[in-house]
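Structure record follows, encoded as structure tokens.
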Amino acid sequence: MRSQLHASYGRVFNPVTNHIFKMTAFCVMKLLCQATRNENRYAKRFFGALLTQTPQKRVFSPFWMVVPDPEPRKSMFGLTQPFCTAEKSHTEPKRKAAFGSVGRRIPYRILHVINQDGESLGNMHRAEALKLMDQHDLKLVLLRENAEPPVYRLMTGQQIHEEQLKRAEKKKASPKPGVVQKELSFSSAIAKNDLETKTKQIAQWIEKKYHVKVTIRQAKDSNTDMFMLFDQILETVSGKATYLSKPKVTREGVSTCILRHMSDRELKAYQKMEKQKNCTVKKDENEDLKSNELHQ
């Protein structure tokens with residue numbers, strides 16, 4: 001009985017099973033052929049693109065990704081840089097902030113605060129510093145960011161303006177890279193011959209496009225005006241030099257100035273002004289001669 005059932009099942013299902021096996025084998029072979037053709041085509045495109053590319057310097061990362069090709073319907077495997085939202089500090093160095101009010105943008109929690117008179121108020125929370133700023137109608141200025149904690153000062157608008165002018169003057173007076181700066185120092189009681197010698201030395205340095213820093217010390221029992229000495233020196237080289245930094249008192253009894261060579265534009269303006277001045281002098285002299293002839 002059992003053998004008869006197996007025989008009947010075999011007669012019923014064998015044709016169906018054979019047909020399914022044949023269709024499955026056919027589909028698998030077709031898929032394998034299609035995959036082989038695609039693999040060969042993509043391999044040719046990939047290696048062909050690599051061979052035709054010009055050598056370039058690339059930065060490789062340890063991640064493999066599929067990089068889309070600019071041409072349509074093409075893609076290739078390649079190495080790419082990993083995505084990162086962090087800023088590259090080594091490529092963009094932090095710039096030094098300009099001197100001035102920081103407003104209410106204070107990134108530090110604890111500050112060392114100095115009042116408008118230059119007295120230390122100690123360390124405090126930034127909220128307290130802002131409260132003081134509002135109460136006295138002042139502005140907060142960052143002085144030393146690298147200190148621990150950072151140093152801020154409460155200042156008026158006038159104080160900030162004056163400090164900005166001082167810093168600009170100091171920056172202007174400092175020699176630029178590649179510019180030679182010479183220095184001369186003497187007393188306000190200098191003899192006439194010695195002053196002429198030093199003036200000639202200054203003229204030689206100015207001719208070489210050097211910057212010349214002149215320092216004059218006020219001599220004891222001397223009533224000589226140091227600023228008049230500076231003007232006298234400049235007068236002797238007026239056709240070549242001008243003030244880079246005007247005369248000023250650096251400390252008690254000591255004044256300095258810095259001279260530099262005139263630019264081409266300044267030289268032309270100076271020569272034009274001198275020409276106009278000479279023409280005016282000659283015109284006045286001619287008018288005086290005419291008036292004298294009429295009186296005679």
Side-chain angles (χ1 to χ4, degrees), residues 95-100 114 118 141 143-144 146 151 153 155 158-282:
R95 296 177 63 183
K96 187 177 180 181
F99 182 86
I114 299 172
V141 178
L143 295 185
R144 293 189 296 277
N146 295 329
V151 180
R153 181 176 177 182
M155 301 178 74
Q158 182 65 26
Q159 286 176 325
I160 293 173
H161 179 66
E162 291 175 357
E163 185 63 26
Q164 286 173 341
L165 290 177
K166 287 180 184 178
R167 292 184 177 222
E169 185 70 20
K170 186 178 180 181
K171 184 178 179 181
K172 187 179 177 182
S174 60
K176 297 180 180 179
V179 177
V180 180
Q181 180 169 297
K182 299 290 185 178
E183 293 190 19
L184 271 179
S185 178
F186 51 88
S187 169
S188 61
I190 186 172
K192 185 178 180 180
N193 294 337
D194 294 336
L195 182 61
E196 290 177 356
T197 303
K198 290 190 179 294
T199 304
K200 288 178 182 178
Q201 180 64 69
I202 291 172
Q204 291 175 4
W205 285 337
I206 292 294
E207 193 69 32
K208 294 179 180 179
K209 304 286 182 74
Y210 294 165
H211 290 177
V212 183
K213 182 177 181 180
V214 182
T215 303
I216 301 178
R217 301 181 305 276
Q218 185 71 50
K220 293 182 180 179
D221 302 327
S222 174
N223 297 324
T224 305
D225 189 348
M226 291 187 287
F227 289 90
M228 287 183 66
L229 277 176
F230 286 126
D231 292 337
Q232 185 179 342
I233 293 169
L234 181 63
E235 186 66 27
T236 59
V237 290
S238 57
K240 301 176 183 177
T242 186
Y243 285 124
L244 174 65
S245 176
K246 293 184 178 181
K248 60 182 178 182
V249 178
T250 55
R251 61 179 185 272
E252 188 177 357
V254 179
S255 299
T256 63
C257 78
I258 299 177
L259 300 171
R260 65 169 175 84
H261 195 281
M262 285 184 180
S263 64
D264 294 338
R265 186 176 178 181
E266 289 171 331
L267 279 172
K268 288 179 181 178
Y270 175 79
Q271 290 168 0
K272 184 178 180 180
M273 186 179 65
E274 287 295 312
K275 188 176 180 180
Q276 291 175 351
K277 190 187 294 183
N278 292 334
C279 290
T280 304
V281 171
K282 287 181 180 180

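Small disclaimer: the values here were computed from a predicted structure and weren't measured.
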Here the gap from His211 atom NE2 to His261 atom NE2, rounded to the nearest 0.5 Å, amounts to 10.5 Å
Evaluate the side chain to side chain contact (heavy atoms under 4.5 Å, CB included) criterion for residues Tyr243 and Leu259: first the C-alpha distance (whole Å), next the side-chain angles of each, then the deciding distance (0.1 Å), finally the verdict. CA-CA 5 Å; Tyr243 285 124; Leu259 300 171; 3.5 Å; yes
Charged N-O contact under 4.0 Å between Glu163 and Arg153: no
Note: Lys248 and Phe227 closest approach over all heavy atoms is N-CE2, 4.0 Å
To the nearest 0.5 Å, tell me how far Arg144 CZ sits from Ile114 CD1. 5.5 Å
Can you list the residues that meet the salt bridge (Lys or Arg N to Asp or Glu O under 4.0 Å) rule with Lys240, with sequence neighbours excluded? Glu207
Walk me through whether Phe186 and Val214 qualify under side chain to side chain contact (heavy atoms under 4.5 Å, CB included). CA-CA 8 Å; Phe186 51 88; Val214 182; 3.8 Å; yes
For Arg217, run the side-chain hydrogen bond (donor to acceptor under 3.5 Å, both in side chains) check against Ser185, Ser188, Ser255 and tell me which one passes. Ser185
Contacts under 3.5 angstrom, residues 196-206 side chains, donor-acceptor by atom type, not counting sequence neighbours:
{"from": "Thr197", "atom 1": "OG1", "to": "Asn193", "atom 2": "O", "distance (Å)": "3.0"}
{"from": "Thr199", "atom 1": "OG1", "to": "Leu195", "atom 2": "O", "distance (Å)": "2.7"}

What distance separates Lys246 NZ from Thr256 OG1, expressed to the nearest 0.5 Å? 14.5 Å
Taken to the nearest 0.5 Å, the spacing of Ile258 CD1 from Thr242 OG1 works out to 12.5 Å
When rounded to the nearest 0.5 Å, the distance separating CG of Leu184 from CD1 of Ile216 is 10.0 Å
Within-4.5 Å side-chain heavy-atom neighbours: Glu266 and Arg260: yes
Closest heavy-atom pair and its distance - Met155, Gln159: CA-OE1, 3.3 Å
Report the distance from atom CD of Gln164 to atom CD of Glu162, rounding to the nearest 0.5 Å. 10.5 Å
